[in-house]
Amino acid sequence: MFPFTSTHFNRETPGTIRNGKLMAKDDPTDGASGGDALEAARREKLRRIAELGHDPWGSRFDGHAPIGEIRARENEIEVEPTGDCATGRPPEQHGPAIRAAGRIVLQRNKGKLIFIDIRDWTGQIQLFIGKNQVGEENWELAQCFDLGDLIGVDGELKRTKTGELTIFVEKLHFLTKALATPPAKHHGLSDPELRQRMRYLDLIHTEGVLQRFLRRTQIVQSIRNTLSGDRFVEVEGPTLHSIAGGAAARPFTTHHNALDIPLYLRIALELHLKRLLVGGIERVYELGRVYRNEGIDPRHNPEFTMLEVYQAYGDYRSMMDLTEKIIVEAIRATGQEARLPWGDGEIDFTPPFQRKTYDELFREHTGVDPGDAAAVAALAEKIGFDTAGKHPDIIRNEVFEEKVEDQLKGPVFVMDYPASICPLTKRKAGRPEIAERFELFIQGMEVANAYTELNDPDLQEELFTRQLAGQAEEDSMAKMDHDFVRALRHGMPPAGGLGIGIDRLVMLLTNSQTIREVILFPLLRPETFG
RNA sequence: GAGGAUGUAGCUCAGUCGGUAGAGCAACGGACUUUUAAUCCGUAGGUCUCGGGUUCGAGCCCCGACAUCCUCACCA
């Protein structure tokens, strides 16, 4: 039995019901503003649903098939050649018995006949509800349906006269009332702010959004599969750091009460994963959230998902092969081919990706010899950079970021960076000014960053110190991580390490031009209610 | 942090020169048993983001605030 009486659900419905219809005299919309009137009408129907003996908030509903699977049973419909085109009477059909559940997204009332489209996360299908076919009880219940309600149905899968695959309903189940009005049925939500704040509505009503986020899941799952297939193990490092290291970024700060110490949300996974290399976990990765207290734009969100992988006895070339494999497999996992659409154009992910050196690309895009410090400085001045007192590598890199990176449509591995801007990277044998590092650029975006990891504790300590000298004192990231250096003193195997920005990779693999399209709940200022 | 754009009904959007606030969808009432953006008739729905100012009169002009978007800055 349903222990529900109207009073459980009736907040304060100003209208009254006679003969099941709202009487104009006591119209709940009377004097109410638009939104309130819409909700009042829905609450009134909710009350009637309870009166009819149904729980407006539903309960467990077993045995229903995903709509996508139901649609695939179309070929089970048998048609007997008894149709009569002249009278419009459809031919006799026999289809499989179906139980489905979903949200009402379209409704067309046609006298003693209602067509409803319900949707679940696998698809959408039409329902046929005829007054004479479903009986009085079901028909009364159907009068209480609004767009957005969740219902279940039992019926037979057949086709209408126009050939539309349809569940001819025999019994209705009420699963959940929607008190709020959904967006316009064909325009959906277009206000980007509403789409982000009310992602639940965006997922239901904006074309392609649900598919995009499911595809994100496929990509992440594929990455785990690829790594696991290569015998990498996944671990979980701490997200609360007393020293936020492994990258240069401003951290979020917080505080632990019992220990009474300041803490930082992690800005990278690197330093703890390398400690695990020391500890003998020879192939290790973490796929998790990092936090950087910096600006927000179409390519940056304050919290984002990072993959970092470390492989003992590898180097940055092993990481290049792995990066390519991870991306190619991810594309396959989403059911796509190597040439992916991107805006008006496309990106060709056919391996092998281009591999070019930093110097090569510098020369190519600036026409200046990267080894000619004076010429590079002159170019920097021309662009408008302040070069006074700066290390030539820093100047060169500023020019590289300004003039080269945007041009790298890629995918292209940029190899062999100036050592002085890579404090965690091993130097090339015999060429201490070059670091064994690559970054993968696609559409001007840095998607991956990898090193042959520096495992010389003395050099690491020196580079930390040198880095500190150039940092502002209040910059909390600029702290020597003594424990990390101590770990290196116990011997970290030569290794390759890789970081991939998952959100950016998902952008590229889902043709999404902003990072907020691939993050379910991007950071927004809190909304003020009331 | 700087500059620009936007903010009107639940949703999507018009709103001319400063002169009574508009449409579609959704809602409510009515007709309709093969519709599919159903159709048709009728009704109702507004703190024009918020606060000041100018004006006889402001959705519109001016100032400020708030939010979002874009560009730039920041970002190993």
Q: Round to the nearest Å and state the distance from A/Lys45 atom NZ to B/rG29 atom C1'.
A: 12 Å
Q | Value in whole Å for how far the C1' atom of B/rC28 lies from CZ of A/Arg48 | A | 11 Å
Q) For the side chain of A/Ser190 and the base of B/rU12, is some donor closer than 3.5 Å to an acceptor across the two? A) no
(Q) Say we look at B/rC63 and B/rU68: how far apart would their P atoms be, to the nearest angstrom? (A) 23 Å
Q: Assign A/Leu189 to base, sugar-phosphate, or nothing according to its heavy-atom contacts below 4.0 angstrom with the strands shown.
A: sugar-phosphate
Q) So, for A/Phe252 and A/Tyr264, is the gap between ring centers shorter than 6.0 Å? A) no
Q: Would you please say whether a donor-acceptor pair under 3.5 Å links the side chains of A/Asp393 and A/Ser420?
A: yes
**Q.** Distance in angstrom units between A/Arg43 CZ and B/rC28 P, rounded
**A.** 15 Å
Q) Does a salt bridge link A/Glu436 with A/Lys426, judged by any charged N lying under 4.0 Å from a carboxylate O? A) no
**Q.** Rounded distance in Å between the C1' positions of B/rG7 and B/rG29
**A.** 34 Å
Q) For the rings on A/Tyr451 and A/Tyr316, is their centre-to-centre separation under 6.0 Å? A) no
Q: Determine the interatomic distance between C1' on B/rU71 and the same-named atom on B/rC13; round to the nearest Å.
A: 26 Å
Q: Determine which nucleotide pairs with B/rG42, using a 3.5 Å limit on both distances of a Watson-Crick or G-U wobble pair.
A: B/rC28
For nucleotides 38-40 of chain B, print each protein N/O atom paired with a nucleotide N/O atom at under 3.5 Å, atom names and distance only.
from   : atom 1 : to       : atom 2 : distance (Å)
B/rA38 : OP1    : A/Lys185 : NZ     : 2.5
B/rA38 : OP2    : A/Arg108 : NH1    : 2.9
B/rA38 : N7     : A/Asn109 : O      : 3.4
B/rA38 : N6     : A/Asn109 : O      : 3.2

Q) Where each residue is assigned the nucleotide of RNA chain B containing its nearest heavy atom, which of A/Arg504 and A/Pro182 is assigned the position nearer the 5′ end? A) A/Pro182
Q) Between atom CG in A/Leu38 and atom C1' in B/rU12, what is the gap in whole Å? A) 15 Å
Q. Could A/Lys428 and A/Asp315 be called an ion pair, given the rule that one side-chain N must be under 4.0 Å from one carboxylate O?
A. no
Q: Mind checking A/Arg437 for me? I need base, sugar-phosphate or nothing, with any heavy atom below 4.0 Å counting as a touch.
A: sugar-phosphate
Q: Can you tell me, in whole Å, how much space there is between the C1' of B/rC74 and that of B/rG46?
A: 42 Å
**Q.** Who pairs with B/rG64 - Watson-Crick or G-U, where each distance is under 3.5 Å
**A.** B/rC50
(Q) In whole Å, measure the gap between the C1' atoms of B/rA27 and B/rG45 for me. (A) 8 Å
Q) With ring centroids as reference points, do A/His272 and A/His241 lie under 6.0 angstrom apart? A) yes
Q. Taking for each residue the nucleotide of RNA chain B bearing the nearest heavy atom, is the 5' side occupied by A/Gln133 or by A/Asp191?
A. A/Asp191
Q. Does A/Asn511 have any side-chain hydrogen bond (donor to acceptor under 3.5 Å, both in side chains) partners at least two apart in sequence or in another chain, and if so, which?
A. A/Gln513
Q) If you check every side-chain atom of A/Ala41, which of B/rU35, B/rC28, B/rC70 has the closest atom? A) B/rC28
**Q.** Complement of B/rG19, any strand, by Watson-Crick or G-U distances under 3.5 angstrom
**A.** B/rC56
Q) Is A/Arg212 salt-bridged to A/Asp202, cutoff N-O under 4.0 Å? A) no
**Q.** A/Leu194 CG - B/rC69 P separation (whole Å)
**A.** 11 Å
Can you name the atoms? Protein N/O to nucleotides 71-74 of chain B N/O, anything below 3.5 Å, with the distance.
from   : atom 1 : to       : atom 2 : distance (Å)
B/rC74 : N4     : A/Asp297 : OD2    : 3.3

Q) Does A/Asn138 reach the main-chain N or O of A/Val134 with its side chain, forming a donor-acceptor pair under 3.5 Å? A) yes
Q. Which listed nucleotide (B/rC11, B/rA26, B/rU35) is nearest to the side chain of A/Leu147?
A. B/rA26
Pairs: protein N or O with nucleotides 65-67 of chain B N or O, under 3.5 Å:
from   : atom 1 : to       : atom 2 : distance (Å)
B/rA67 : OP1    : A/Arg525 : NE     : 3.0
B/rA67 : OP1    : A/Arg525 : NH1    : 3.4
B/rA67 : O2'    : A/Glu193 : OE1    : 3.2
B/rA67 : O2'    : A/Glu193 : OE2    : 2.7

Q) Between B/rA37 atom C1' and A/Gln124 atom CD, what is the distance in whole Å? A) 12 Å
Q: Using atom CG of A/Asn301 as one end and atom C1' of B/rU68 as the other, report the distance to the nearest whole Å.
A: 15 Å
Q) Hey, is the side chain of A/Glu164 pairing donor to acceptor with the base of B/rU35 inside 3.5 Å? A) no
Q.
Return the CG to CZ distance between A/Asn301 and A/Arg504, rounded to the nearest 0.5 Å.
A. 11.0 Å
**Q.** A/Glu137: salt bridge (Lys or Arg N to Asp or Glu O under 4.0 Å) partners, not counting sequence neighbours
**A.** none
Q: Let me know the distance between CD1 of A/Ile116 and P of B/rU34, rounded to the nearest Å.
A: 17 Å
Q.
Suppose we define a pair by two distances each less than 3.5 Å, Watson-Crick or G-U wobble; what does B/rC72 pair with here?
A. B/rG1
Q.
Rounding to an integer number of angstrom, what distance separates B/rC32 and B/rA38 when you compare their C1' atoms?
A. 11 Å
Q. What integer number of Å spans the P atoms of B/rG30 and B/rA23?
A. 23 Å
(Q) Side-chain N or O of A/Gln196 versus OP1/OP2 of B/rC69: is the shortest distance under 4.0 Å? (A) yes
Let me have the donor-acceptor pairs involving side chains of residues 441-450 of chain A, under 3.5 Å, with sequence neighbours excluded, atom names and distances please.
from     : atom 1 : to       : atom 2 : distance (Å)
A/Asn449 : OD1    : A/Arg437 : NE     : 3.1

Q: May I ask which nucleotide in the shown strands pairs with B/rA9, Watson-Crick or G-U wobble, both distances under 3.5 Å?
A: none
Q.
Does the plane of the ring in A/Phe128 sit parallel, tilted or perpendicular to the ring in A/Phe115? Use 30° and 60° as the thresholds.
A. perpendicular
Q. CD/A/Glu398 to CD1/A/Ile421 distance, rounded to the nearest 0.5 angstrom?
A. 10.5 Å
Q: For B/rA67 and B/rU55, measure between their P atoms and round to the nearest Å.
A: 32 Å
Q | Proximity to the side chain of A/Arg516 - top-ranked nucleotide from B/rC69, B/rA26, B/rC28 | A | B/rC69
